[in-house]
There are 2 protein chains.
Amino acid sequence: MFNQFRNKFPLDDSKWIEYTDCFKRLEVPSKTILLKEGEISKKLFIIEKGCIRVWFNNNGKDLTTQFFFENQSVASIESFMKKSPSPASIETIESSILWWISKNDLDKILSEIKEIPQLRDRFIDMIFERTFDYMKYFVSFIKDSPTQRYLSLIEERPQILQRIPQHYIASYLGITTVHLSRIKSKLLHRK
Amino acid sequence: MFNQFRNKFPLDDSKWIEYTDCFKRLEVPSKTILLKEGEISKKLFIIEKGCIRVWFNNNGKDLTTQFFFENQSVASIESFMKKSPSPASIETIESSILWWISKNDLDKILSEIKEIPQLRDRFIDMIFERTFDYMKYFVSFIKDSPTQRYLSLIEERPQILQRIPQHYIASYLGITTVHLSRIKSKLLHRK
DNA sequence: AAGATTTGATAACAAATGTTATCGTCTGTG
DNA sequence: CACAGACGATAACATTTGTTATCAAATCTT
């Protein structure tokens, strides 16, 4: 699982083994809740196989804000960094194989690798990228109609359309399943 | 203008003078465009007096995403950091007194102060805070109705209600001025 | 102070989106 | 194989929000 990263990091072997030993394997069925809204996020997950969504509960309706697939890492970042209650839940969509690391272990690793300047800068860049991603989401949500957002999904993240059940996609687009059905049917008949 | 920060930074006097000399004063009337959509952001502004909005042009309609007041700093961050065309414009709302620093000068200062660990960590924290702010905006937009968003504005940022013309507020809430009028009138008559 | 511009309210109508209910299909499980 | 539950389409109706137009008040300019 981690060998793909092995030669990207200038660490000696003993450190490398110490770090990778911090990760534990976890196999779970679909619809497993990995973090519940209100809890404090103490684990960072990496997906070996499967997919995961992050969602908010709003008066019983759920609102999905992100999907994650193989090789991506998932946590409720704000909760994870600040030890505050998570505003969102994290849940598997398919049955999945995951690896997780505790916040304690990750903190230790991060404080050590921050001394390596190129990794430190890389880390800062990553945080910026995350910020810019949120900006993009935000702007698209308030600028574009649901139809436009659906079309961009088709263009930019076809994997979502293929693997994710439609009611989660509707929730991701911020609309009801009924409305998503209407959008699809309109697009079909116009062609 | 900068003396309020003087004792927060462990810099010797010559460095302090060198750094503050990088800032230039600028006095502008209202509705001055400081950065145009599509341009590359090369200046970071700090507001001594006045207020500023950041907005996107979407098919002629504008969509305001942020307001800034006294003592806040403003730039199209993504454009500023990555030297990419800015997706947003920056414009004064009131006539304003500003201080600005060029990206070159700021980069020089940042690379120097990053060597001071506590400032470096502070800088990383600031970036995280910015990320969390965007998350909050984003979530509120997709979770709450315009009426709820308007009520939160009253609660959390009354300054905006007092100083900002209503059509910019409507644009900030993602609705038309007509609809904002309706919301206000409904709230009034219900009380 | 007169006229122009900006700002905000309101009404009438149109378009987008939500709600509820029904039905058919698919899929997994016993 | 049968059946329950999940998933998706569609219709009818309700609600929200946008569009266009008009008017009044406030503010700015000269």
Side-chain angles (χ1 to χ4, degrees), chain A residues 28-33 50-51 53 55 58-64 67 91-96 140-151 153-154 160-191, chain B residues 28-33 50-51 53 55 58-64 67 91-96 140-151 153-154 160-191:
Chain A
V28 291
S30 65
K31 300 199 184 176
T32 304
I33 294 193
C51 66
R53 71 187 184 111
W55 59 281
N58 191 32
N59 315 325
K61 288 173 254 167
D62 58 290
L63 196 131
T64 302
F67 297 112
E91 182 183 337
T92 53
I93 293 180
E94 305 173 351
S95 66
S96 305
S140 141
F141 235 98
I142 54 189
K143 258 178 106 156
D144 303 331
S145 71
T147 304
Q148 288 171 307
R149 267 178 279 144
Y150 178 68
L151 289 172
L153 258 197
I154 296 177
I160 290 184
L161 278 291
Q162 286 151 16
R163 284 178 66 173
I164 308 284
Q166 184 164 307
H167 58 285
Y168 294 140
I169 295 178
S171 149
Y172 181 76
L173 293 173
I175 59 178
T176 59
T177 56
V178 177
H179 192 50
L180 179 50
S181 272
R182 275 196 289 241
I183 287 173
K184 285 175 70 175
S185 129
K186 256 195 188 167
L187 288 173
L188 260 179
H189 296 149
R190 196 161 292 170
K191 271 173 191 166
Chain B
V28 291
S30 65
K31 301 197 184 178
T32 303
I33 295 193
C51 66
R53 71 186 183 110
W55 58 281
N58 191 31
N59 314 326
K61 288 174 252 167
D62 57 287
L63 196 131
T64 301
F67 296 112
E91 181 183 335
T92 54
I93 293 179
E94 305 172 351
S95 66
S96 305
S140 141
F141 235 97
I142 55 189
K143 256 179 109 157
D144 304 331
S145 70
T147 304
Q148 288 171 307
R149 268 177 278 144
Y150 178 68
L151 290 171
L153 258 197
I154 296 176
I160 289 183
L161 277 293
Q162 286 151 16
R163 284 177 69 173
I164 307 284
Q166 184 163 308
H167 59 285
Y168 293 139
I169 295 178
S171 148
Y172 180 77
L173 294 173
I175 59 179
T176 60
T177 56
V178 176
H179 192 49
L180 179 50
S181 272
R182 276 195 288 240
I183 288 173
K184 286 175 70 175
S185 128
K186 256 195 186 166
L187 287 172
L188 259 178
H189 297 149
R190 193 161 293 171
K191 270 174 193 165

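Below, read A as the first sequence line, B as the second, and so on, with proteins coming before strands; counting in each chain starts at 1.
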With 3.5 Å as the limit, what N/O pairs link the protein to nucleotides 24-26 of chain D?
none

message = Rounded at 0.5 Å granularity, tell me how far CZ in A:R53 sits from CG in A:L63.
response = 9.5 Å
request  = To the nearest 0.5 angstrom, please state how far the CD1 atom of A:I93 sits from the CD1 atom of A:I164.
outcome  =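 If we round to the nearest 0.5 Å, A:I93:CD1 and A:I164:CD1 are 3.5 Å apart.
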Heavy-atom pair with the smallest gap, counting every atom of [X] and [Y]:
{"X": "B:S181", "Y": "B:Q166", "value": "OG-NE2, 3.6 Å"}
{"X": "A:E91", "Y": "A:K31", "value": "OE2-CA, 3.7 Å"}
{"X": "A:C51", "Y": "A:S96", "value": "N-OG, 3.6 Å"}

task = Determine which pairs satisfy salt bridge (Lys or Arg N to Asp or Glu O under 4.0 Å) with at least one residue from residues 168-182 of chain A, sequence neighbours left out, and list them in order.
result = none
request  = Tell me, with the steps shown, if A:Y150 and A:K184 meet side-chain contact (heavy atoms from CB on, under 4.5 Å).
outcome  = CA-CA 9 Å; A:Y150 178 68; A:K184 285 175 70 175; 3.5 Å; yes
note = Computed from five pairs at either end and rounded to 10 degrees, the angle between the axes of the helix from C:dA1-D:dT30 to C:dG30-D:dC1 is 50°
Below 4.0 Å: OP1/OP2 of C:dT6 and any side-chain N or O of B:Q166 =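 B:Q166 to C:dT6 OP1/OP2: no side-chain N or O under 4.0 Å.
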message = Please tell me if B:K184 has a side-chain N or O lying less than 4.0 Å from either OP1 or OP2 of C:dG8.
response =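 For C:dG8, neither OP1 nor OP2 has a side-chain N or O of B:K184 closer than 4.0 Å.
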Counting only pairs under 3.5 Å, give me each side-chain donor-acceptor contact of residues 167-176 of chain B, with atom names and distances, residues two or more places apart or in other chains.
from	atom 1	to	atom 2	distance (Å)
B:S171	OG	B:D62	O	3.1
B:S171	OG	B:T64	N	2.6
B:S171	OG	B:T64	OG1	2.9
B:Y172	OH	B:Y137	OH	2.9
B:Y172	OH	B:R157	NH1	3.4
B:T176	OG1	B:H179	N	3.1

Within-4.5 Å side-chain heavy-atom neighbours: A:L187 and A:L151 = yes
Might you list the N or O atoms of the protein lying below 3.5 Å from N or O atoms in nucleotides 16-24 of chain C, with each pair's distance?
from	atom 1	to	atom 2	distance (Å)
C:dT17	OP2	A:H179	NE2	3.2
C:dT17	O5'	A:H179	NE2	3.4
C:dG18	OP2	A:T176	N	3.3
C:dG18	N7	A:R182	NH2	2.7
C:dG18	O6	A:R182	NH1	3.1

Atom-to-atom span, [atom1] of [X] to [atom2] of [N] - whole angstrom:
{"X": "A:L187", "N": "D:dA9", "atom1": "CG", "atom2": "P", "value": "12 Å"}
{"X": "A:E94", "N": "C:dT27", "atom1": "CD", "atom2": "C1'", "value": "15 Å"}
{"X": "B:K31", "N": "D:dT29", "atom1": "NZ", "atom2": "P", "value": "10 Å"}
{"X": "B:I169", "N": "C:dA9", "atom1": "CD1", "atom2": "P", "value": "11 Å"}
{"X": "B:L188", "N": "C:dT10", "atom1": "CG", "atom2": "C1'", "value": "14 Å"}
{"X": "A:H167", "N": "D:dA9", "atom1": "NE2", "atom2": "P", "value": "13 Å"}
{"X": "B:Y150", "N": "C:dG8", "atom1": "OH", "atom2": "P", "value": "10 Å"}

query = Under 3.5 Å, side chain of B:T32 to main-chain N/O of B:T92, donor-acceptor pair present?
reply = no
message = Going by the rule side chain to side chain donor-acceptor pair (under 3.5 Å), which residues pair with B:S145 if we only count those two or more places apart in sequence or in a different chain?
response = B:Q148
